[in-house]
Amino acid sequence: MSFLGRGGQSSSGVNPEKMEMAVEQLDMITDVFNRIVSSCHAKCISPRYAEGDLNKGESVCIDRCVAKFFEVNKKVGERLQSQGPGAAAGGIGGGSAFGSL
Amino acid sequence: MSFLGRGGQSSSGVNPEKMEMAVEQLDMITDVFNRIVSSCHAKCISPRYAEGDLNKGESVCIDRCVAKFFEVNKKVGERLQSQGPGAAAGGIGGGSAFGSL
Amino acid sequence: MSFLGRGGQSSSGVNPEKMEMAVEQLDMITDVFNRIVSSCHAKCISPRYAEGDLNKGESVCIDRCVAKFFEVNKKVGERLQSQGPGAAAGGIGGGSAFGSL
Amino acid sequence: MDFSQFNSAEQAHISKVIEKKQMQDFMRMYSNLVDRCFNACCNDFTSKALGSKEEQCVLNCTDKFLKHSERVGARFAEQNADMMNAQGQ
Amino acid sequence: MDFSQFNSAEQAHISKVIEKKQMQDFMRMYSNLVDRCFNACCNDFTSKALGSKEEQCVLNCTDKFLKHSERVGARFAEQNADMMNAQGQ
Amino acid sequence: MDFSQFNSAEQAHISKVIEKKQMQDFMRMYSNLVDRCFNACCNDFTSKALGSKEEQCVLNCTDKFLKHSERVGARFAEQNADMMNAQGQ
């Protein structure tokens, strides 16, 4: 929350709002990436760690796992939107503590 | 950490400290809510996902689970307080890395 | 990200950069501590909770577990550094989403 | 959360903060839901396309979670209210 | 954490930050403890009241975690000290 | 992430932020890797020294994770590119 004045749309200065949005987008991309690394590691890599390289099966599994994760990501997104504005607008009835304040 | 001067207790302006406390309280309520959603999902919802609705057993389980979580929350709080100032004042002997600096 | 001017190296004032680094170091120490508490609890404490005290076996296990965790922490660090600047400089090829922007 | 303790400027500020928090809360719920339903429903990686059984599982998993979360929200509000009364607030 | 590198204003500031962090650390430990003991001790939802066996389990779980955490703190400090000496700091 | 929307001052600022984020990302990956390999490889606490089998397991676990993470990064970039084209961006 910045109490500083709104940065004008100056062509030379740094626009704080634009920066904040860009950083938020970066954080979201990184978050999705880290979740895929973790989920697909659980699905594709056996914890025996007999060698340090990926074997054929693990590599193929990783490729398919990333693709499937994107599909599930899309499916869940569509389902949430189809629940009407409540869900999409960020505050499903009981979905967040704020709804119950 | 704000290096800005303390906001005076003015009746019209925004008092940063009061805001900060209110936001912290909001975060705590949301955190407890999200933990109950997660714990009671693990206890009450079977991961077979045969249908999208909650069945009778799941609904009753959720209601009791939320109640029980609040009781455990109270019990653990009382136990920590009974451990004397050390625990309550936020820094059990070895409980945090700061104790061992 | 502070848009404020750089705090000079004054001997009396508070140097924001030095503060930030000190706080980051504190957070790292606390993070490692909390991870050891959690990992060694999983390895050494049985979830039957028949009594509230640590028995002999649990105490000895905790001592060895903390020592071993530090060794693994060192081993993994050395391995990452040996992967060449890419790894050490904080941006393994595919290791972070930024690499793929 | 008693809003009367805030003057109008503060209330405007707080509701802006709540709005932003609700959005962040929703995004976090969305990401956790994808993790949860992917881990529960997708275990066969002989193909990279989502099978019809897997898709149905993901939709049920999403619906059930939303209903679960809604029911917890209702009980949560009741428990909070009981606690407030108990403390004579 | 060598405090001599800071002047008095900085030391005052740092100890205020440490105090706030300790409070946050304690709240996080408290929430994690409730999760941990609830998940370990409460598996019967035929009633919504905490049974005496469940209650005893929660108390033991809390006590044991505090003692565990204290012992880890002691070993942690020793390991850190060894590392500092090894680096000749 | 389309950088053309930023003027030069903003691009300088953003790349400084990205650099800091990459460092934080690396530290988080490092800590998670220690957790992951410790939990997978260390189960015998009859001695506090790392056995040779445990050490080999930790090294393989680290190497395999880096290669896994690298491969996910490549597929991730391709999926993102497909999505961008699909949206005609």
Side-chain angles (χ1 to χ4, degrees), chain C residues 7-74 77-78, chain E residues 1-3 5-22 24-26 28-29 32-33 35-43 53-83 86-87:
Chain C
Q9 204 55 28
S10 72
S11 66
S12 64
V14 175
N15 169 333
E17 241 165 89
K18 237 164 83 176
M19 291 299 101
E20 216 182 292
M21 276 221 299
V23 169
E24 265 165 32
Q25 213 196 345
L26 272 179
D27 288 343
M28 259 173 47
I29 294 173
T30 305
D31 181 58
V32 174
F33 175 76
N34 289 330
R35 286 170 184 272
I36 296 178
V37 167
S38 168
S39 282
C40 291
H41 192 278
K43 298 283 184 186
C44 298
I45 310 289
S46 91
R48 263 195 358 277
Y49 298 122
E51 4 72 354
D53 290 321
L54 296 175
N55 60 43
K56 194 79 194 78
E58 287 167 336
S59 303
V60 168
C61 175
I62 292 168
D63 297 349
R64 291 173 181 159
C65 180
V66 175
K68 230 171 222 196
F69 193 96
F70 269 79
E71 263 198 86
V72 170
N73 195 38
K74 217 178 88 191
E78 284 156 8
Chain E
M1 189 75 180
D2 160 14
F3 285 90
Q5 55 174 315
F6 301 120
N7 62 41
S8 54
E10 286 170 340
Q11 285 191 4
H13 176 77
I14 282 275
S15 27
K16 208 162 62 56
V17 167
I18 287 187
E19 207 189 299
K20 197 175 170 216
K21 288 229 180 242
Q22 277 188 323
Q24 287 166 342
D25 207 37
F26 177 75
R28 218 176 304 133
M29 185 276 287
N32 290 336
L33 199 46
D35 276 2
R36 183 187 293 281
C37 298
F38 179 77
N39 292 337
C41 300
C42 300
N43 296 300
K53 246 176 56 158
E54 286 174 324
E55 185 179 334
Q56 191 53 54
C57 174
V58 166
L59 295 178
N60 288 345
C61 169
T62 301
D63 292 351
K64 208 175 258 244
F65 180 83
L66 292 178
K67 293 192 176 83
H68 164 75
S69 183
E70 209 165 329
R71 193 174 184 104
V72 169
R75 297 296 90 76
F76 184 81
E78 287 157 19
Q79 289 286 340
N80 263 330
D82 297 353
M83 266 196 339
Q87 285 156 7

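Each chain gets a letter, A, B and so on, in the order the sequences are listed, and its residues count up from 1.
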### Query
In terms of heavy-atom pairs under 4.5 Å, which option from Arg75(E), His68(E), Arg36(E), Glu78(E) contacts chain C the most?
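The candidate making the most pairs under 4.5 Å is His68(E).
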
### Query
Are the gamma sulfurs of Cys65(C) and Cys44(C) separated by less than 2.5 Å?
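Answer is no: Cys44(C) does not pair with Cys65(C) in a disulfide.
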
### Query
Would the SG atoms of Cys61(E) and Cys37(E) measure under 2.5 Å apart?
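In this structure, Cys61(E) and Cys37(E) share a disulfide.
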
### Option in Ser59(C), Pro47(C), Cys40(C) with maximal non-hydrogen atom pairs under 4.5 Å from chain E
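Of Ser59(C), Pro47(C), Cys40(C), Ser59(C) has the most heavy-atom pairs under 4.5 Å with chain E.
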
### Query
Looking at Ser38(C), Gly52(C), Ala50(C), which makes the most heavy-atom pairs under 4.5 Å with chain E?
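Greatest number of close heavy-atom pairs with chain E: Gly52(C).
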
### chain E contact via Ala67(C) - side chain, backbone, both or neither, heavy atoms under 4.5 Å
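Both backbone and side chain of Ala67(C) come within 4.5 Å of chain E.
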
#### Entry: Whether Phe33(C) and Phe76(E) hold their rings parallel, tilted or perpendicular, with breakpoints at 30° and 60°
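Perpendicular, since the angle between the ring planes exceeds 60°.
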
#### Entry: Reported CG-to-CD distance for the pair Leu54(C) and Glu70(E), which is rounded to 0.5 angstrom
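The CD atom of Glu70(E) is 9.5 Å from CG of Leu54(C), to the nearest 0.5 Å.
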
